[in-house]
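Since the structure comes first, as structure tokens, the remarks are kept for the end.
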Amino acid sequence: MRDSGRELTVGMPVRNGERYLEGALRTILDQDVDLELLVGDNASDDRTEEICRDHASTDDRIRYHRHGVNVGANRNFNWLVEQSRSPLFRWAAVDDLLDGPVLERCVAALRHEPAASLASTRTVLIDDQGRPVRQHVDDEARAAAADP
């Protein structure tokens, strides 16, 4: 791992994500945490490249990489981890919308509990109109946190 000087790398694998990309980028970049956003574009053939390059040209926290051919999801995901330059890493899907200070809370929790290897917040699944469909509760994580 090379040090970026940033506390968190957010790795976003994407292929043909133009429909949701603007919203995902906005909610990540609006977080008040020292981050770099690393986008691995898996040879998209929609406007993904244009959107990412446009944002990267105005925000130095974004590193955009376009694979020239489709390398497959696993290889794209692995590439993002390999290219991370920060001590903390988080995945972000192209259709993820962060509501509130999600990343700040996770980073603060990890700072507070240095032995922890994972921090997570509540997840609400939404439909393509942004309406809540259901809340995801991770019972295993809750049980692990309660068990010393």
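Side chain to side chain, Asn76 and His67 meet the donor-acceptor criterion of an N or O pair below 3.5 Å. No side-chain donor-acceptor contact under 3.5 Å links Asp30 and Thr27. Neither side chain, Glu18 nor Thr48, offers a donor N or O lying under 3.5 Å from an acceptor on the other.
Linking Ile, Leu, Val, Met, Phe, Trp and Tyr residues whenever their side-chain heavy atoms come within less than 4.5 Å leaves Val94 and Leu97 in two separate clusters. The hydrophobic clustering, which links ILVMFWY residues whose side-chain heavy atoms are closer than 4.5 Å, places Phe77 and Phe89 together. The hydrophobic cluster containing Leu25 does not contain Leu38, counting ILVMFWY residues as joined when their side-chain heavy atoms lie under 4.5 angstrom apart, directly or transitively. Leu35 and Ile62 fall within the same hydrophobic cluster, where Ile, Leu, Val, Met, Phe, Trp and Tyr residues are linked whenever their side-chain heavy atoms come under 4.5 Å apart, directly or through other members. Transitive grouping of hydrophobic side chains (ILVMFWY, heavy atoms separated by less than 4.5 Å) brings Leu8 and Leu29 into a common cluster.
At a threshold of 4.0 Å, the pair Asp34-Arg61 does not count as salt-bridged, since none of the basic side-chain nitrogens sits closer than that to a carboxylate oxygen. Ionic pairing of Arg26 and Glu22 is not present here: no N-O contact between side-chain nitrogen and carboxylate oxygen is shorter than 4.0 angstrom. A salt bridge does not link Arg47 to Asp54: none of the charged nitrogens lies less than 4.0 Å from a carboxylate oxygen.
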**Study point:** Audit row: Asp128, Arg19, salt bridge (Lys or Arg N to Asp or Glu O under 4.0 Å) steps and yes/no
**Key:** CA-CA 10 Å; Asp128 61 354; Arg19 181 173 181 190; 3.2 Å; yes
Review point. Stepwise, does the salt bridge (Lys or Arg N to Asp or Glu O under 4.0 Å) test hold for Arg15 with Asp46?
Key: CA-CA 9 Å; Arg15 172 146 173 86; Asp46 64 357; over 6 Å; no
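The nearest pair of heavy atoms linking Val10 to Ala92 is CG1-CB, 3.5 Å. Considering all non-hydrogen atoms of both residues, Ile28 and Leu37 come closest at CD1-CD1, 4.1 Å. The shortest heavy-atom contact between Glu36 and Ser86 is OE2-OG, 4.1 Å. For the pair Met12 and Ala24, the tightest heavy-atom approach, listed with the atom from each and the gap, is CE-CB, 3.8 Å.
Arg53 places no side-chain N or O within donor-acceptor distance of the main-chain N or O of Tyr64, the cut-off being under 3.5 Å. In terms of modelled atom types and a separation under 3.5 Å, the side chain of Arg85 and the main chain of Arg6 share no donor-acceptor contact.
In this structure, the side chains of Arg75 and Leu80 stay at 4.5 Å or more apart for every pair of heavy atoms. At least one side-chain heavy atom of Val107 sits less than 4.5 Å from a side-chain heavy atom of Leu88.
Residue Asp127 qualifies as enclosed at atom CG: its count of foreign heavy atoms under 6.0 Å is above 12.
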